[in-house]
Every structure is written in C-alpha cells, then in structure tokens.
Novice: 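Following this message is one structure expressed as structure tokens.
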Amino acid sequence: MTLLIVSPHRSDLSRWQQALQTCAPDLDIAVWPQVTVPEDITFALAWQQPAGIWQQFPNLRCVSSFGAGVDHLLQDVDLPTDTPIVRLVDPLLAQSMFEYIAAAVMGILRDFDVYETQQMGGLWQSHTPTLSQHCTVGIMGLGQLGTYTAQKLVKLGFNVVGWARSPKQIEGVTAYSGDAQLPQFLQQTQILVCLLPLTAQTRDILNLDLLAQLPRPAYLINVARGAHLVEADLLAALDAGYLRGACLDVFRQEPLPPTHPFWAHPKIRVTPHSSSITNPESVAPQIVENYRRSQTGAPLLNQVSRSRGY
Ligand code: GLV
C-alpha cells in the first residue's frame with residue numbers, strides 16, 4: 001500500500017515527503033511520475049494532476065487535495081465517481097488567508113493604491129483616512145476560511161457582512177444567504193472578498209451585473225478561484241467606475257500569461273496564487289490519518305460532498 005504524491009508544478013515535494021514520513025515512518029510514498037507498481041497506490045495527494053492519470057491506479061481508495069479547494073478533483077472526469085475526495089482543513093491555512101486579506105483591506109483603507117499612483121507622478125497630496133468602523137467588508141463564502149476571516153475582521157473593527165448559499169450564524173457578522181438576499185448583501189459591501197468554493201452555481205458569479213450592485217466605487221479581492229470572475233466584466237467595471245480597484249490572487253489561467261491585460265492595469269494588483277500556501281508540517285498528520293482511515297474503511301475526515309461541490 002503506497003501513498004502517491006501528484007503535483008507536477010510544485011517545487012517543494014521533498015519537504016512534503018519528509019513531513020509525511022516524520023508522521024508515519026513506515027509509510028510507503030511514491031512521487032508521480034516515479035511509480036513502479038501502480039497497483040500498490042491506494043491513496044493520492046493531488047494538485048494540478050495531469051489528465052487521464054487515475055486509470056492506472058485500480059486500487060485507489062481516496063484522493064486528498066493539497067489544499068482547501070477541491071475543484072481540480074471534482075472536475076476531473078477520469079477520477080471514478082465512487083472514489084472519496086477529502087480536503088485539508090488547517091488553522092494555519094485560515095490564518096494565512098486572513099493575513100493576506102487583512103493586508104489588502106488595510107491597504108485600501110489607507111489609500112496605498114492611490115498613493116502608489118501619486119508617487120509615480122511625484123504628487124504630494126494627502127487624503128483623509130477612512131476608519132475601520134466606517135468600512136463594510138462583505139465576504140462571499142462562509143466556510144472555514146470565510147468564517148475565520150470574518151471573525152478576525154470584526155475584531156479589527158470593521159463592519160462585516162457575509163453571504164453564503166445556506167444560512168450561517170457568526171457573532172458580530174450580519175450573514176445573508178441564498179439568491180434572494182444577495183442584493184441586500186451587495187448594496188452595503190464596500191470591499192468585496194470572494195472566498196467561495198468553485199461550483200456550477202458560483203462559476204462566473206463575479207460578473208458586471210453583480211459588481212454594478214456594489215456601492216460606488218467598491219473594491220474587489222478575489223482569493224478563491226479565477227473562474228469565479230468574468231475577466232472582461234472586471235475591466236468594464238473598472239472603466240465604468242463601479243470599482244476603484246481589484247486585488248487578484250487567482251486567475252482563469254495560471255500562471256497568468258505574460259500578455260494578459262491584468263499585469264499592467266493600474267487598478268489591478270496581481271499576486272501569484274500565494275494568499276494561503278499549505279504548510280506541509282501542519283497538515284501531514286491529517287493526511288496520514290485519512291490515509292489510515294481509507295485503508296480500513298473508517299469514516300474520512302473532511303470528506304467532500306460531490307453533489308454540493310465542496
Ligand atoms: C488553494 O488554492 C487551496 O485550495 O488551498
């Protein structure tokens with residue numbers, strides 16, 4: 001029985017191997033594409049797996065994502081539909097995500113984007129800062145990352161509203177749910193943060209119609225998936241003055257192609273899918289635990305519902 005690591009574009013796989021081996025010294029680990037006996041593979045840890053990879057592993061019992069998102073596994077038509085999928089739930093992942101969002105939100109609050117532009121023109125002009133209690137941050141997606149971020153932003157003094165598919169209760173946060181309450185959520189959201197899972201319902205959700213419902217000019221932070229955002233609609237919303245800017249960590253095509261208009265857009269800040277990077281040492285115990293559970297048929301931790309899509 002072997003655990004397979006599949007992540008062709010990741011440069012730190014030996015650190016992952018080491019972290020797993022420290023938790024389970026007797027665990028047999030293979031790193032794709034070096035697989036000598038495909039029949040031995042019973043568990044896989046996968047990210048950006050190549051197409052058509054799963055057919056060669058007839059004894060696969062479970063696949064774990066490398067992170068919180070599982071869309072790369074749910075959309076993989078080659079992964080048998082009865083293979084359970086699990087995701088990683090990790091306090092460090094949530095903390096790191098919050099810290100990225102807090103940095104972006106604070107930068108907007110204190111006009112760092114405006115001052116950056118002014119600096120390029122040598123312009124000395126101050127703007128009265130907005131205070132956190134006068135700023136409403138709206139978080140779309142109130143799962144583990146969204147809830148943690150909302151709670152921390154409340155502690156920083158922001159007004160925080162949230163929106164999710166189903167009703168949620170988070171202390172200090174006004175939470176809206178479902179299509180019917182989306183307009184109410186959007187009408188008050190000055191800084192919109194997308195932390196939604198990518199599903200058929202949420203694909204393309206950040207479109208011109210939605211962005212037009214925000215108070216003007218609002219700001220967009222997308223740290224979920226590139227496919228949530230209709231890219232041409234973001235450019236249109238910036239041109240129309242619906243948005244003052246956007247901070248994007250995820251893109252429809254990653255790496256973002258060198259000629260993509262987002263790179264040079266003065267109102268768009270680009271980061272390379274780095275808002276929250278999984279820490280191998282922190283998540284190795286839950287991967288090993290799920291590996292063990294999958295071998296005995298015990299209930300898995302953080303199993304994803306294929307029908308819900310997260
Ligand atoms: C990163 O994008 C993740 O899904 O953890």
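If you read the sequence from its start, that first residue is 1, and numbering goes on from there. In each ligand, atom 1 is the first atom listed, and ligand 1 is the first ligand listed. Please read all numbers here as calculations on a predicted model, not as lab measurements.
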Novice: Within the structure, does Gly67 bring an N/O atom to less than 3.5 angstrom of an N/O atom in ligand 1?
Specialist: no

Novice: Does a donor on one side chain and an acceptor on the other come within less than 3.5 Å for Asp90 and Ser282?
Specialist: yes

Novice: Does the Lys NZ or Arg CZ of Arg308 fall within the cation-pi geometry relative to Tyr310 - under 6.0 Å from the ring centre and within 45° of the axis?
Specialist: yes

Novice: Looking at atom 5 (O) of ligand 1, what's its closest protein heavy atom, distance included?
Specialist: Ala68 N, 2.7 Å

Novice: Looking only at heavy atoms of Arg87, does any of them come nearer than 4.0 Å to an atom of ligand 1?
Specialist: no

Novice: Hydrophobic side-chain clustering at under 4.5 Å (ILVMFWY, transitive links): who's grouped with Tyr291? Put none if nobody.
Specialist: Met1, Leu3, Ile5, Leu13, Trp16, Leu20, Leu27, Ile29, Val31, Phe43, Leu45, Trp47, Phe66, Leu88, Val283, Ile287, Val288

Novice: Of all the heavy-atom pairs spanning Tyr100 and Cys247, show the shortest one and how long it is.
Specialist: OH-SG, 3.3 Å

Novice: Do Trp47 and ligand 1 have an N or O pair less than 3.5 Å apart?
Specialist: no

Novice: Near Gly69, which atoms of ligand 1 are under 4.0 Å from a heavy atom of that residue?
Specialist: 3 (C), 4 (O), 5 (O)

Novice: Would you say the side chain of Arg61 lies within less than 4.5 Å of the side chain of Thr83, judging by non-hydrogen atoms?
Specialist: no

Novice: Show the atoms of ligand 1 that are less than 4.0 angstrom away from any heavy atom in His273.
Specialist: 1 (C), 2 (O)

